[in-house]
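Inspection log for the structure reproduced underneath, given as structure tokens.
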Amino acid sequence: MSLNTKIDTETIERISGVNTRKCMKCGKCSATCPAFHEMDFHPHQFVAMVEKGDIEPLMKSKSIWNCLTCFACVQRCPRDVEPAKLVEAIRQAVIRQAGENHLKAEQIPEMLDSELPQQAIVSAFRKYKK
Amino acid sequence: MQKIGVFVCWCGSNIAATVDVAAVAEAVKGEPGVVFATDYQYMCSEGGQSLIKETIKEQGLTGVVICSCSPRMHEATFRKTVEAAGINPYMLEIANIREQCSWIHKNKEEGTEKAIILAKAAVAKLNLNTPLIAGESRVVKRALVIGGGIAGIQTALDIAEAGYEVDIVEKQPTIGGKMTQIDKTFPTLDCAACILTPKMVDAAQSEKINIYSYSEVEKVSGFVGNFSVTIKKKPRYVNSDLCTGCGACMEKCPSKKTPNEFNMGLDNRTAIYIPFAQAIPKVPVIDTAACLHFKTGKCGICQKTCSANAIDFDQKEELITKEYGAIVVATGFNPLKPTKFDEYQYNQCADVVTSLEFERLMNAAGPTKGVLLRPSDQSHPKKIVFVQCVGSRGQSCRDHSYCSKICCMYTAKHAMLVRDKYPDTDVTVFYIDVRTPGKNFDEFYRRAVEEYGVHYIKGMVGKVEQVDGSLKVQASDLLSNDQMVLDADMVVLATAVEPDPTAKSLATMLTASIDTNNFFTEAHPKLRPVESPTAGVYLSGVCQGPKDIPETVAQGSACAAKVIGLLAKDKLLSNPCVAHSDELLCNGCSTCANVCAYGAIDYVDKEVNDHGKREVRHIAVVNEAVCQGCGACTVTCPSGAMDLKGFANRQIMAEVDAICK
């Protein structure tokens with residue numbers, strides 16, 4: 001099954017709850033990102049490219065699988081843009097089409113760590129196949 | 001029966017594009033009292049005003065309704081117009097069909113319908129208007145300036161120059177404010193102290209200026225022209241009349257370990273201290289939290305040392321109440337303390353400093369005598385990183401939403417000065433945008449880049465880490481789409497400008513308004529920038545919004561001009577739209593006095609004649625000079641005795657009826 005990449009800014013903004021127009025292009029998300037050098041597109045590019053509607057390259061990127069969902073970008077963004085939520089939204093846009101989760105639900109309980117943010121657990125659930 | 005004329009303004013296309021003005025004029029023609037109605041392109045123009053005056057005379061009008069912009073814009077204009085044609089100025093009503101109608105509607109039918117309703121409401125009210133005569137009040141020919149920084153000093157000097165008395169209240173032990181801590185000023189790089197201290201001396205020596213240093217405003221009452229202000233003089237424990245400022249007490253004081261506020265805590269001061277050599281007044285204060293005499297009762301060396309016998313441990317707080325015609329707010333700012341920005345390690349690392357701290361490290365009168373040494377080990381930094389917009393332009397809970405305006409320029413100044421003094425030092429500035437509007441400002445910034453070789457990198461710093469006594473700065477280089485890690489010996493944070501913490505309580509005392517950032521609000525953002533909406537209260541300097549020194553001085557002088565304009569008047573006309581109490585209805589319950597924010601209501605025992613029955617009753621009396629016409633008492637009064645002239649209950653109800661018809 002081929003990937004439908006005709007997904008618009010509005011859809012990604014709705015899934016993520018992010019308003020990309022709040023960004024003032026300071027780059028603090030990419031400055032703070034620990035996975036920066038593993039990524040082909042960087043956190044600030046996710047914001048700019050989603051705003052422009054340039055979503056296909058992001059859906060095909062390595063970055064959506066390399067993002068650690070550590071939320072450093074969300075924590076430090078001075079304008080509360082929350083780039084990690086955009087990465088998660090694009091990841092979801094890809095995974096939903098794939099039609100299955102990579103982790104089985106029954107595998108989750110034994111892997112739980114109470115220190116982890118809820119969204120990190122959900123994204124891990126979506127991201128990895130064991 | 002009134003004879004009313006209705007004039008509908010087009011305001012060019014501002015109103016006419018969304019409201020059918022001719023239809024509005026036509027619709028009100030049948031309303032009670034209306035004998036004339038027309039529309040005109042610009043009512044406020046000379047032609048428009050002449051039309052009103054001529055019509056008043058030709059038609060023998062007794063009242064005028066103008067359908068136009070907000071009364072805040074032109075009510076005063078049109079009151080003068082009708083007065084010139086022989087009508088009492090309070091026989092004028094404005095129907096706001098611009099701000100509250102044409103500007104907020106897109107559909108012309110809806111706009112027209114609403115404009116007609118607003119016009120009819122104004123006519124209904126005007127039918128019940130009565131002529132009102134404004135009272136007069138005196139003007140106390142003295143001004144109070146709250147805050148003795150460069151803004152307050154400039155305002156005070158200009159008012160004094162015009163021949164009026166001015167008092168400056170400064171909460172610190174010396175006047176001078178933040179500018180005393182600054183080393184050089186952009187874009188000319190002249191020394192701040194060299195241009196400020198002569199002004200401080202001028203203020204101190206002026207016969208018209210009286211400085212209350214180490215003092216705070218405690219209470220404000222009264223109104224424009226007649227303020228009564230209580231000033232709290234905090235005890236210095238040094239008699240200012242006897243002290244010669246020799247400084248022997250400071251040399252001998254054994255308590256030497258208090259962080260020196262003037263040097264941003266980068267060195268220590270004694271318990272008895274003068275903040276800096278050029279302080280005015282040059283009289284020390286005793287910090288009772290650090291003084292051994294106050295803590296243990298055992299010291300007193302300063303007292304024994306002082307040859308002028310000026311030390312007075314028994315000095316008490318003093319309250320002074322004085323009258324003023326005008327009050328100037330010049331409370332200035334403080335730089336944000338970046339304690340919540342963990343990523344920059346300000347709390348953990350001594351070599352991460354704020355720009356004002358850096359200013360002290362570069363200043364010849366600072367803790368390092370002007371030699372740039374990093375705080376941790378007193379070594380020369382070879383690599384310095386500047387971070388802009390710390391706490392400015394953000395929307396998170398740590399940030400202020402506004403641009404602090406001065407940081408781009410002072411950072412360029414710091415970078416340039418470092419490169420000039422220590423050419424072997426590598427200087428990098430991380431910026432989001434470089435904002436340099438101002439005379440010779442952009443040229444200054446370009447000089448830092450092109451002539452002084454300062455590296456400007458577009459991107460923010462994500463984190464600072466301390467590794468083996470050095471700093472690692474991880475940052476974005478957005479133009480190269482790269483993340484870089486720089487070694488640095490020092491990191492300088494350009495922290496946001498914050499209004500002084502006293503602004504909020506002072507605004508409450510003055511009944512002046514502040515915005516969500518605690519900056520004082522001006523009466524009009526473009527046309528009345530130095531007046532607060534509260535009559536008689538003026539704004540000077542950064543208390544109104546971030547400003548650099550030239551702008552602050554310009555605003556300080558503009559503020560003085562407004563104050564002089566007020567003080568030059570012998571009498572002020574008061575607003576006749578004030579409350580009054582019907583003595584036959586008043587039952588003396590005091591509810592109105594309790595809600596009055598201005599203290600305008602007194603109670604008297606008065607003999608009244610209630611339909612032939614004479615008796616002494618306890619009733620409310622309004623002081624018309626103090627009443628601001630807010631109407632709080634009229635809606636509170638349980639017996640309906642309080643009413644507002646010009647906005648009587650029956651007038652308001654007539655408007656409501658006209659709208660609901």
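So you know, we letter chains A, B, ... as the sequences are listed, proteins then strands, and number each from 1.
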Report task. List the atom of B/Val461, the atom of A/Ala31, and the distance in Å for their closest heavy-atom pair. Result -> C-CB, 4.0 Å
Query raised in the report: Of all residues at least two apart in sequence or in a different chain, which pass the salt bridge (charged side-chain N to carboxylate O under 4.0 Å, His left out) check with B/Lys337?
Result: none
Query raised in the report: chain B heavy atoms under 4.5 Å from A/Cys33: which part of the residue, side chain, backbone, both or neither?
Result: both
Would you enumerate the inter-chain donor-acceptor pairs between chain B and chain A whose distance is below 3.5 Å?
| residue | atom | partner | partner atom | Å |
| --- | --- | --- | --- | --- |
| B/Glu343 | OE2 | A/Lys28 | NZ | 2.8 |
| B/Tyr344 | OH | A/Lys28 | NZ | 2.8 |
| B/Arg393 | O | A/Arg79 | NH1 | 2.7 |
| B/Gln395 | N | A/Pro78 | O | 2.5 |
| B/Ser396 | N | A/Pro78 | O | 3.1 |
| B/Lys458 | NZ | A/Lys25 | O | 2.9 |
| B/Met460 | N | A/Cys26 | O | 2.8 |
| B/Gly462 | O | A/Arg76 | NH1 | 3.4 |
| B/Gln474 | NE2 | A/Ala31 | O | 2.7 |
| B/Ser476 | OG | A/Gly27 | O | 2.7 |
| B/Ser476 | OG | A/Ala31 | N | 3.1 |
| B/Asn481 | OD1 | A/His42 | ND1 | 2.9 |
| B/Asn481 | ND2 | A/Gln45 | OE1 | 3.2 |
| B/Gln483 | NE2 | A/Ser30 | O | 2.6 |
| B/Gln483 | NE2 | A/Ala31 | O | 3.3 |
| B/Gln483 | NE2 | A/Cys33 | O | 2.9 |

Report task. Identify which of A/Cys77, A/Pro78, A/Cys29 forms the greatest number of heavy-atom pairs closer than 4.5 Å to chain B. Result -> A/Pro78
